[in-house]
Amino acid sequence: MAASFESSELDLASVEEPERAAVWMRSAGKLFPGLSVCKPPVNPSVGRIRGIPLGSGHLWTVLSPPVRVSYLPRHDSPPMFSVMLQLEGATAAAQCGRECTLTAGDFCVLDGLAPFDLEAAGPSSRIAFMQMPRHAVLSRREGLERRTAQVFDTQEPGAAFLRNALTNLVEAAPLLEPEQRMAALASMVQMVGVPRLPGGDSLTGRNAERIAATLAFIDAELADPTLTAQRVAAAQGLSRRRLDQILATVGTSLSAQIWLRRLEQAANDLRDPRFNDRTVTQIAFAVGFEDAAHFTRAFKRRYGCTPREWRNGAGGPAAERCCR
């Protein structure tokens with residue numbers, strides 16, 4: 001879901017009681033395009049929505065009365081990938097044939113390219129909803145789109161780390177300057193790669209660890225134009241051929257991962273207000289490209305438009321992948 005306002009807030013306490021249910025239903029679709037209320041609240045006594053922009057993402061906190069909502073993807077806004085954290089009460093989530101119930105401290109992920117349903121249990125449910133650009137999230141965590149609507153094990157250290165970071169961001173975000181919020185978004189995108197995936201991994205444990213370590217190393221060295229597949233493999237203590245075989249299980253080669261991640265980072269930076277004073281060429285060089293013309297050609301193949309057109313709001317990911 002993509003937010004329609006730079007900043008948004010609704011509190012049913014300021015609405016006359018007979019109008020509260022109708023206001024809540026209208027506001028749900030207005031604040032979250034594609035969302036509809038299919039089981040309206042009955043005389044809600046509480047209800048509050050607060051949205052804080054984080055660059056190209058958004059952080060929402062919602063205190064919801066008992067209600068059921070459905071989401072259908074829209075094609076007039078960039079697709080988002082979201083982490084939903086239950087702060088109080090309980091919420092049921094369903095997407096792509098998977099379903100879960102979140103209680104306080106639990107979290108799951110939801111994909112903005114696929115329909116989903118949420119139902120808040122009574123008397124109220126309080127959640128935090130962190131929306132991030134879909135292409136940025138999935139470029140850093142292979143397979144996450146196939147783990148939506150599943151509860152992460154918060155006893156696992158990586159999941160606990162992400163939960164705590166999001167909990168802290170809920171408290172801090174209203175106090176942050178716009179530049180700090182942009183940095184917070186970039187950090188959260190990276191942190192989504194920390195937890196172990198719920199429901200078991202389709203890869204063997206050892207291979208999953210290799211892939212995670214490989215992608216983390218590429219991200220850390222991305223700006224170095226001398227980064228090569230051979231160097232990445234050597235850092236993992238493997239031959240390039242063996243590492244390519246492992247990465248083939250997620251559909252890419254080692255060299256492809258390097259270039260894809262450079263393009264993804266460039267795409268993010270081109271739309272990051274902090275880098276408005278940088279030229280397209282400077283952004284390309286900062287993520288490891290050495291030739292501006294080569295960068296433009298590769299970017300256009302990936303995103304269907306030039307870097308300059310992308311910066312001005314055109315285009316979109318050429319190969320967004322929905323959940324499976």
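Predicted model only: the values in this text are computed from it and were never measured.
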Q | Donor-acceptor pair, side chain of Arg196 and main chain of Ala159, under 3.5 angstrom | A | no
**Asked** When clusters are formed by joining ILVMFWY residues with side-chain heavy atoms under 4.5 Å apart, either directly or through shared neighbours, do Val23 and Val69 land in the same one?
**Response** yes
Which of Thr91, Asp106, Thr101 passes side-chain hydrogen bond (donor to acceptor under 3.5 Å, both in side chains) with Gln86? It is Thr91
Report task. Could you please spell out the steps behind the side chain to side chain contact (heavy atoms under 4.5 Å, CB included) verdict for Phe129 and Leu110? Result -> CA-CA 10 Å; Phe129 209 79; Leu110 294 170; 3.8 Å; yes
Closest heavy-atom pair, Ser56 versus Pro133, reported as atoms and distance to 0.1 Å, is OG-CG, 3.3 Å
Within the distance-only criterion (no hydrogens, no angle test), does the side chain of Asp244 pair as donor or acceptor with the backbone N or O of Ser253 below 3.5 angstrom?
no
Count I, L, V, M, F, W, Y as connected when their side-chain heavy atoms are under 4.5 Å apart, and connections chain through other members. Are Ile218 and Leu260 then in the same cluster? no
Nearest heavy-atom approach of Ala90 to Ser125 is O-OG, 3.3 Å
| Ion pair present between Arg261 and Asp219, side-chain N to carboxylate O less than 4.0 angstrom? | yes
### Donor-acceptor contact below 3.5 Å, side chain Glu145 vs main chain Leu138
no
I'd like to know if the side chain of Arg210 reaches the main chain of Gln236, judged simply by a donor and an acceptor atom lying under 3.5 Å from each other, with no hydrogens or angles considered. yes
Open item on the list: We want to know whether Arg240 and Ser255 form a side-chain donor-acceptor pair, criterion being a heavy-atom distance below 3.5 angstrom.
Closed with: yes
Minimal heavy-atom distance between Phe116 and Asp111, with the atoms involved, is CD2-O, 4.1 Å
Distance col, row Phe299:CZ vs Leu263:CG, nearest 0.5 angstrom, shows 7.0 Å
Problem set entry | same_hphob_cluster(Val46, Val67) at 4.5 Å side-chain heavy-atom cutoff | no
Margin query: With a 3.5 Å distance limit and no angle check, can you tell me whether Arg20 reaches the backbone of Val15 through a side-chain donor-acceptor pair?
Written below: yes
By side-chain contact (heavy atoms from CB on, under 4.5 Å), Ser187 pairs with (sequence neighbours left out) Met191
Leu63 side chain near Leu87 side chain, heavy-atom distance below 4.5 Å: no
So CZ of Phe32 and OG of Ser27: to nearest 0.5 Å the spacing works out to 10.0 Å
Exercise. Please state whether the rings of Tyr303 and Trp310 are parallel, tilted or perpendicular, taking 30° and 60° as the class boundaries.
Key: tilted
Exercise for review: Count the heavy atoms belonging to other residues, nucleotides or ligands that lie under 6.0 Å from CZ of Arg308, then report whether that count exceeds 12.
Suggested key: no
Item to check | Evaluation steps, ring pair (Phe, Tyr, Trp, His ring centres under 6.0 Å), between Trp259 and Phe289 | outcome: CA-CA 9 Å; Trp259 293 112; Phe289 284 92; 5.3 Å; yes
| message | Between Leu227 and Phe217, is the side chain to side chain contact (heavy atoms under 4.5 Å, CB included) condition met? List the steps. | response | CA-CA 10 Å; Leu227 182 66; Phe217 180 83; 4.0 Å; yes
Would you confirm whether Glu16, through its side chain, and Pro18, through its main-chain N or O, come within 3.5 Å as a donor-acceptor pair? no
### Message
Assigning hydrophobic clusters by single linkage (Ile, Leu, Val, Met, Phe, Trp, Tyr; side-chain heavy-atom cutoff under 4.5 Å), is Leu176 placed with Met188?
### Response
yes
Quick test of your reading of the model: are Asp269 and Arg278 salt-bridged, counting only N-O distances below 4.0 Å? no
Residues 170-190 vs salt bridge (charged side-chain N to carboxylate O under 4.0 Å, His left out), sequence neighbours excluded, gives none
Residue pairs meeting ring-ring contact (aromatic ring centres under 6.0 Å, His included), one or both in residues 156-183, sequence neighbours left out, come to none
TODO: Using the side chain to side chain contact (heavy atoms under 4.5 Å, CB included) rule, take Leu166 and Phe107 through it: C-alpha gap first, then chi angles, then the decisive distance, then the call.
DONE: CA-CA 10 Å; Leu166 184 52; Phe107 71 89; 5.8 Å; no
Q.
Measuring only between side-chain heavy atoms, which start at C-beta, is Glu156 closer than 4.5 Å to Pro195?
A. yes
In one Ile/Leu/Val/Met/Phe/Trp/Tyr side-chain cluster, 4.5 Å: Met182, Ile283:
no
Separation between CD (Gln257) and CG (Leu247), nearest 0.5 Å, reads 6.0 Å
Take Leu118 and Tyr71, measure what side chain to side chain contact (heavy atoms under 4.5 Å, CB included) needs, and give me the verdict at the end.
CA-CA 8 Å; Leu118 301 175; Tyr71 169 74; over 6 Å; no
### Query
Does the side-chain hydrogen bond (donor to acceptor under 3.5 Å, both in side chains) test come out yes or no for Thr148 and Arg98, once each step is laid out?
CA-CA 7 Å; Thr148 59; Arg98 295 177 290 272; 2.7 Å; yes
Exercise. Is it true that a side-chain atom of Asp291 and a backbone atom of His294 form a donor plus acceptor pair closer than 3.5 Å?
Worked result: yes
(message) Would you say CD of Glu99 has more than 12 non-hydrogen atoms from neighbouring residues, nucleotides or ligands within 6.0 angstrom?
(response) no
request  = Indicate yes or no: at least one non-hydrogen side-chain atom of Leu54 is less than 4.5 angstrom from one of Met132.
outcome  = no
